[in-house]
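All remarks here apply to the structure that follows.
Numbers here simply count residues along the sequence, with the first being 1. FYI, side chains are in, hydrogens and waters are out, and symmetry mates aren't considered; it's all heavy atoms of this structure.
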Amino acid sequence: MKHVDAQPDAHDIYRSLYEHAKIGESHTLLVDLVLRLFFEVEALRAAIADPSCPEGVRRRYRAAYEAAAVERHCSVGLTNGDAELLKHFFPGSGGTFQPYLAMLERLGATPEQLAAIRARLDKVSSYT
């Protein structure tokens, strides 16, 4: 691996994933999951970057991407930018449904809609 402050390149990351995959089956499954997620994200990024994608969508993605980049590299506060970015996926306490409800709220769901979605989630989770 390179100097501690240097960003790893794709080869460094692939080598690290490969080493993790050799640890055992559960690690192999997680590495496969990470690679599949990268595949999906790259497909979405390519679709949005395509000139045939509506400019309004591309403009909004650029703004969101810029905001996420700034957030990731901002170290103001008690945590670093990576931890702040992870909060979008793992927003903290609030129960099992909190990550989903937080994203739906970001997408514009009203309090009433969130309550209805929570009720649906409670209902379907009781089936198991």
Side-chain angles (χ1 to χ4, degrees):
M1 187 69 77
K2 297 177 181 172
H3 184 270
V4 174
D5 292 331
Q7 287 292 324
D9 63 18
H11 180 73
D12 295 329
I13 293 168
Y14 181 79
R15 188 175 61 229
S16 179
L17 288 170
Y18 178 77
E19 291 300 317
H20 280 283
K22 292 190 320 186
I23 293 173
E25 185 177 349
S26 64
H27 287 258
T28 301
L29 293 172
L30 288 174
V31 167
D32 185 50
L33 174 65
V34 167
L35 291 173
R36 285 175 187 242
L37 288 171
F38 270 106
F39 171 85
E40 291 293 332
V41 169
E42 179 53 28
L44 291 169
R45 290 169 66 167
I48 290 171
D50 188 285
S52 66
C53 182
E55 182 54 34
V57 173
R58 290 167 48 122
R59 186 174 42 252
R60 185 63 208 123
Y61 183 78
R62 278 193 306 270
Y65 190 91
E66 179 183 341
V70 169
E71 181 178 32
R72 179 164 190 231
H73 293 282
C74 180
S75 296
V76 174
L78 298 175
T79 60
N80 67 22
D82 287 338
E84 291 300 312
L85 193 58
L86 283 171
K87 285 182 184 178
H88 293 294
F89 293 91
F90 307 99
S93 62
T96 304
F97 307 137
Q98 186 56 32
Y100 311 108
L101 296 171
M103 184 60 194
L104 289 166
E105 185 175 25
R106 285 177 70 191
L107 292 170
T110 65
E112 295 80 19
Q113 290 170 323
L114 291 171
I117 293 164
R118 178 181 283 285
R120 284 181 64 200
L121 291 169
D122 281 331
K123 181 178 180 180
V124 298
S125 67
S126 70
Y127 296 158
T128 57

Practice task
Verify, without hydrogens or angle tests, whether Gln113 (side chain) and Thr110 (backbone) share a donor-acceptor contact under 3.5 angstrom.
Solution key: yes

Handout entry: Donor-acceptor contact below 3.5 Å, side chain Asp50 vs main chain Ala47
Key = no

Practice task
Please say whether more than 12 non-hydrogen atoms of neighbouring residues, nucleotides or ligands are located less than 6.0 Å from CD in Glu25.
Solution key: no

Problem - Verify same cluster id: Met103, Tyr100 (apolar side-chain graph, 4.5 Å) - result: no

Exercise for the section: Answer yes or no: are there more than 12 heavy-atom neighbours, outside Arg58 itself, under 6.0 Å from its atom CZ? Expected result: yes

Problem - Atom pair NE2 (His27) and CG (Asp32), whose distance is rounded to the nearest 0.5 Å - result: 14.5 Å

Problem - Carboxylate-amine/guanidinium contact Arg62 Glu55, below 4.0 Å - result: yes

Exercise for the section: Taking the side chain as every heavy atom from C-beta outward, state whether Arg59 and Pro54 have any pair of such atoms under 4.5 Å apart. Expected result: no

Exercise for the section: Indicate yes or no: at least one non-hydrogen side-chain atom of Leu114 is less than 4.5 angstrom from one of Glu105. Expected result: yes

Handout entry: CG on Leu101 to CG on Leu121, rounded to 0.5 Å
Key = 6.0 Å

Practice task
Please name all residues satisfying side chain to side chain donor-acceptor pair (under 3.5 Å) with Asp122, sequence neighbours left out, ordered by chain then number.
Solution key: none

Practice task
Working to the nearest 0.5 Å, report the span between OG1 of Thr28 and OH of Tyr18.
Solution key: 10.0 Å

Exercise for the section: On the 0 to 90° scale, with breaks at 30° and 60°, tag the Tyr61-Tyr65 ring pair as parallel, tilted or perpendicular. Expected result: tilted

Completion exercise
Rounding to 0.5 Å, atoms OG (Ser125) and CZ (Arg118) come to a distance of 10.0 Å

Exercise for the section: Look up atom CZ in Phe39 and atom CG in Leu44, then write down how far apart they are to the nearest 0.5 Å. Expected result: 10.0 Å

Fill in the blank from the handout: Interatomic distance, CD1@Ile13 vs CZ@Phe38, rounded to 0.5 Å, equals 6.5 Å

